[in-house]
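Letters go in sequence order (proteins before strands), and every chain restarts at 1. Everything quoted here is computed from the prediction, not taken from an experiment.
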Amino acid sequence: MIAITLPDGSVREYENGSSAFDVAMSISAGLARNVLSAQFNGQTVEIKDPLPGDGALVLYTWDQAEGKKAFWHSSAHVLAQAIQKIYPSARLTIGPAIENGFYYDVDFGEVSLQEKDFAEIETKMMEMARQKAVFKLRAISKEDALKYYSGNPYKTELIENLEDGTITFCDHSDFTDLCRGGHLPNTEFIKAVKVMNVAGAYWRGDEKNKQLTRVYGISFPKKSLLDEYLHLLEEAKKRDHRKLGKELDLFTFSQKVGQGLPLWLPKGAALRDRLEQFLKKAQKKAGYVPVITPHIGSKELYVTSGHYAKYGADSFQPIATPEAGEEYLLKPMNCPHHCEIYKSRPHSYKDLPIRYAEFGTVYRYEQSGELHGLTRVRGFTQDDAHIFCTADQVREEFNKVIDLVLYIFKTLDFKEFTAQVSLRDPEKPEKYIGGLENWEKAESSILEAVKEKGMPYVVEYGEAAFYGPKLDFMVRDALGRSWQLGTIQVDYNLPERFELEYKGADNEMHRPVMIHRAPFGSMERFVAVLLEHCAGNFPLWLTPEQIIILPISEKYLDYSKELLKLLDNYDIRALLDERNEKTGRKIRDAEMQKIPYMLIVGEKEEETQTVSVRKHGGEDLGSMPIDQFIQLVNEAVSAELIDN
RNA sequence: GCCGGUAUAGCUCAGUUGGCCAGAGCAGCUGAUUUGUAAUCAGCUGGUCGGGGGUUCGAAUCCCUCUACCGGCUCCA
């Protein structure tokens, strides 16, 4: 007998050779029907394989991430099988489960897989799934594994890197794949599949390697779940900032101006200005001083900073002048300029920390395929600042910046973000400048700060800037893509390159430490992600138009104009719909424009000197005197703008 | 930059196997209507069918090429 401990702590006895499925069966037939994967003593095991002895067992169904993972991992096998049947010469590589579905990277040789081929693959997959083929994991020797994949250089490479004795194959139906395990009991669980798209993907993620065809798919245990998922995707697309930005007249692009160069329309510009003013106020309070620097800088500036060596070839190329040998670069970041401001006069330790802030517009030649709405552009404005401080001050300054970022996120209602500590890739030291000692100091100060703050964080290696590690605040867009918004970076290297100094209490010269930080990240990206988060329903303090006055007919235009003037006197952003339209129409249009408050005025209101208030979405607040409405708006705005 | 897709009026989209002057709704303009909580009615204006080249008696439709956009990959100071 074996003793199995279940997640609730209870221990049950089973006969030797019992499987996770048998355990599920003993709990309930329903669970047995729904169990998709299992972990035994923390290791993923096959559901139908005998459990090796006593231990803790956790069973997973569709409702748990682990269950979905097994489901999609198994579906990837079926996808590979279908592809192999339709394209016998295709060479399979890897195919993992991902957050939403799975993919398989395939070398199709000369064949190019296209969208019109998806239906055939889906049909074949369903045909395979209906066979109710059992997934069976088996151990295989390295020699036999290599022999099996003798015609497949990709699998061969994978196997070469595995240790003999740890290699397993998974069989189902007539298909076999190199696999570590974690499968559904059989293929019949898969009731709906959809091939989502194809993309090029480099073998092992390296641009220098051959580009394979990545086939993305998703599958479900019920047809209705697939429909739901597709519906959800459609809904998410309605919140796409590119769509909303157009609908709400916030920004646009012009092929003639150039790709990746956003044009802010009046409403967008006003909104962005409001965000800037909000941050400027918070920064003033936190001891930042504004500086202003030009949009170009001499090439020498970037040679000194190291940016030229690192990015020069892939950047907007230098601007030549009539003077031979004179070259300027569009500034791709503000730090070198700020370093020169620091250097413009000598500093004492008593001056520090110095915090230079600038909404600095920078230009980066991003690869054309990378450009994406407002989230990835070639010209954008950073809410940048550089803090020059002593080594002793780094921790406190860093913590204060974290507080500022958190204050901004809280005010704008970004509840779901990930704090990511971005460190260097220890395997690729050539990607970074500066000595090991500086890097270690910088990295440990960031790790200490996040620990001190007690905030949850993830560590990503290889995500650091080339001059220093970062703490990045990642937020997802409507479609679940992750974007870096706020960033805080500790830098011991640029102060060295620019030979920055201050005189210490000991009358000796010392090198300051630099903290780069941008709470929004960039105005463009921040507005984009904010748009998607609020689906265009901006907070009242930020929204382009707060109020629209809807007169019932032209007879009430005079009264409406009085109201408009009054609201303007109170700095409330109001519009008047003077069109000769029915009220229903005016309300509809105001709803579409997502204006928070509609003031309906007719005979009744003019007589009693009131307004009828309708909120965006349909809530009727009834009639009230205009003074009372103004108070209501002001209170709503101050409730949103919590003090830091 | 790479793989796959898309490009028709200001916006959202039709346009059948290449074939009469390229269509609709919304927006805009003009007029009528004077309107009470999500679209009043009528008329009108508006298009180098993304750009260039080619095949053809004939191209929005087929081919080549460039550009931009969309989904990924790689990249992201």
### Task
Please find out if less than 6.0 Å separates the ring center of H386(A) from that of Y342(A).
no
### Message
Roughly how many Å apart are rU30(B) and rG46(B), using the C1' atom of each and rounding to a whole number?
### Response
15 Å
#### Entry: Protein-nucleotide distance (H241(A), atom NE2; rC70(B), atom P), rounded to Å
8 Å
### Message
If the threshold is 4.0 Å, N to carboxylate O, is there a salt bridge linking K555(A) and E603(A)?
### Response
no
### Query
Can the ring centres of Y288(A) and Y356(A) be said to be less than 6.0 Å apart?
no
### Query
What is the distance, rounded to the nearest whole Å, between atom CG of D206(A) and atom P of rC3(B)?
17 Å
### Message
Between R239(A) and D477(A) (salt bridge meaning N to carboxylate O under 4.0 Å), is one present in this structure?
### Response
no
### Task
Examine rG4(B): is either OP1 or OP2 under 4.0 Å from a nitrogen or oxygen in the side chain of S112(A)? Give yes or no.
yes
### Between rA77(B) (P) and D425(A) (CG): distance, integer Å
14 Å
### Task
May I ask you to say what K586(A) touches in the nucleic acid, namely base, sugar-phosphate or nothing, with a heavy-atom cut-off under 4.0 Å?
nothing
### Query
So which one's nearest nucleotide on RNA chain B is more toward 5', G373(A) or A465(A)?
G373(A)
### Message
Within the 4.0 Å heavy-atom criterion, would you say G602(A) contacts the bases, only the backbone, or no part of the nucleic acid?
### Response
base
### Nearest-angstrom distance, C1' atom, rU56(B) to rG4(B)
30 Å
### Query
Heavy atoms under 4.0 Å, any strand shown: does K582(A) hit a base, just sugar-phosphate, or nothing?
base
### Query
Is D620(A) salt-bridged to R614(A), cutoff N-O under 4.0 Å?
no
### Task
Report which part of the nucleic acid E591(A) touches: base, sugar-phosphate, or nothing (heavy-atom distance under 4.0 Å, all strands).
base
### Task
Write down the distance separating the C1' atoms in rA7(B) and rC13(B), rounded off to the nearest Å.
13 Å
### Task
Describe the nucleic acid contact of E581(A) in one word from base, sugar-phosphate, nothing, applying a heavy-atom distance below 4.0 Å.
base
#### Entry: Lys/Arg N to Asp/Glu carboxylate O, K594(A) vs E545(A), below 4.0 Å
no
### Query
Should Q367(A) be listed as having a side-chain N or O under 4.0 Å from OP1 or OP2 of rC75(B)?
no
### C1'-based separation of rC70(B) from rC29(B) [nearest Å]
34 Å
### Query
Can you tell which of Y302(A), Y365(A), F466(A) makes a ring-ring contact (aromatic ring centres under 6.0 Å, His included) with Y311(A)?
F466(A)
#### Entry: Integer-rounded Å distance: rC41(B) C1' and R579(A) CZ
16 Å
### Query
For atom P, what is the distance between rC11(B) and rG51(B), given to the nearest Å?
15 Å
### R614(A) side-chain N/O to rA38(B) phosphate OP1/OP2 under 4.0 Å
yes
#### Entry: Whole-Å distance separating the CG atom of D589(A) from the C1' atom of rA38(B)
9 Å
### Message
Could you tell me how far rC44(B) sits from rA24(B) if I compare only their P atoms? Round to whole Å.
### Response
11 Å
### Query
Can you check whether I296(A)'s main-chain N or O pairs, donor with acceptor, with H337(A)'s side chain at less than 3.5 Å?
yes
## Note on the structure
note: K256(A), atom NZ; rG51(B), atom C1'; distance rounded to Å ~ 11 Å
### Summary
If one requires at least 3 consecutive Watson-Crick or G-U pairs with distances under 3.5 Å, the stems of RNA chain B turn out to be B:1-7 with B:67-73, B:10-13 with B:23-26, B:28-32 with B:40-44, B:50-54 with B:62-66
### Message
Suppose you measure atom P in rU65(B) against the same atom in rG58(B); what distance do you get, rounded to whole Å?
### Response
23 Å
### Query
What about the rings of F388(A) and H338(A), do their centers lie closer together than 6.0 Å?
no
### Task
Using the C1' atom on both, measure rU8(B) against rA68(B) and round to a whole Å.
16 Å
### Query
Atom NE2 of H372(A) to atom P of rG72(B): distance rounded to whole Å?
7 Å
### Message
Looking at Q255(A), I'd like to know whether one of its side-chain N or O atoms comes within less than 4.0 Å of OP1 or OP2 on rC69(B).
### Response
no
### Task
Between G462(A) and T213(A), name the one whose nearest nucleotide on RNA chain B is closer to the 5' end.
T213(A)
### Task
Report yes or no: is the ring centroid of Y216(A) under 5.5 Å from the six-membered base ring centroid of rG72(B), with the two planes under 30 degrees?
no
